[in-house]
Amino acid sequence: GGGRLSVDFPGRVSYVDCGGPFRAGGGRREGGEEEAEEVVVRLMPDRLHPNPEGHRLLARCLETALLGKGWGVQPTGYSRLGLPLGGFAP
């Protein structure tokens, strides 16, 4: 996985798992039925590509990881990725 590159290139490559919000939780639906989906269909309607809400969550995860690595804030009110500061509207 991604962990190998971070060992080979310490300080230059990091692994970030942004998949949590997209994984169907617990394997059970309300009422105890078996969970048929592996992903949260509300965020990935075709079970492969994030919809706009999913893209916002993914961008927030990546921005948080990059800001944690020292990517600073630009004087324009946007992060270095061009994302508006202060997050996204739900």
Side-chain angles (χ1 to χ4, degrees):
R4 178 70 183 159
L5 285 175
S6 62
V7 170
D8 291 343
F9 301 97
R12 295 184 63 198
V13 175
S14 298
Y15 176 78
V16 178
D17 181 2
C18 293
F22 300 99
R23 290 186 201 98
R28 300 233 174 245
R29 295 179 187 214
E30 292 182 31
E33 299 173 20
E34 287 293 320
E35 178 65 68
E37 301 293 342
E38 293 182 15
V39 298
V40 177
V41 178
R42 178 179 57 81
L43 298 174
M44 300 176 80
D46 68 356
R47 283 122 179 118
L48 180 61
H49 301 96
N51 63 13
E53 181 183 0
H55 277 284
R56 282 190 290 274
L57 291 172
L58 182 59
R60 186 178 303 139
C61 175
L62 292 172
E63 181 178 35
T64 299
L66 289 170
L67 289 174
K69 292 290 182 183
W71 282 62
V73 173
Q74 300 297 303
T76 61
Y78 289 84
S79 70
R80 286 189 181 179
L81 296 179
L83 301 171
L85 297 176
F88 294 91

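- Residues that satisfy the salt bridge (charged side-chain N to carboxylate O under 4.0 Å, His left out) test with D17, not counting sequence neighbours, are R23.
- The two residues G54 and F22 make their nearest non-hydrogen contact at O-CZ, 3.3 Å.
- Residues satisfying the side-chain contact (heavy atoms from CB on, under 4.5 Å) test with C61, not counting sequence neighbours, are V16, C18.
- At least one donor-acceptor pair under 3.5 Å links the side chain of N51 to the backbone N or O of R42.
- Rounding to the nearest 0.5 Å places CD of E63 at 14.0 Å from CZ of R56.
- Across all non-hydrogen atoms, the minimal contact from L43 to P21 is CD1-O, 3.2 Å.
- How far CE of M44 is from NE2 of H55: 8.5 Å, rounded to the nearest 0.5 Å.
- Taking 4.0 Å as the cut-off between side-chain N and carboxylate O, R47 and E38 do not count as a salt-bridged pair.
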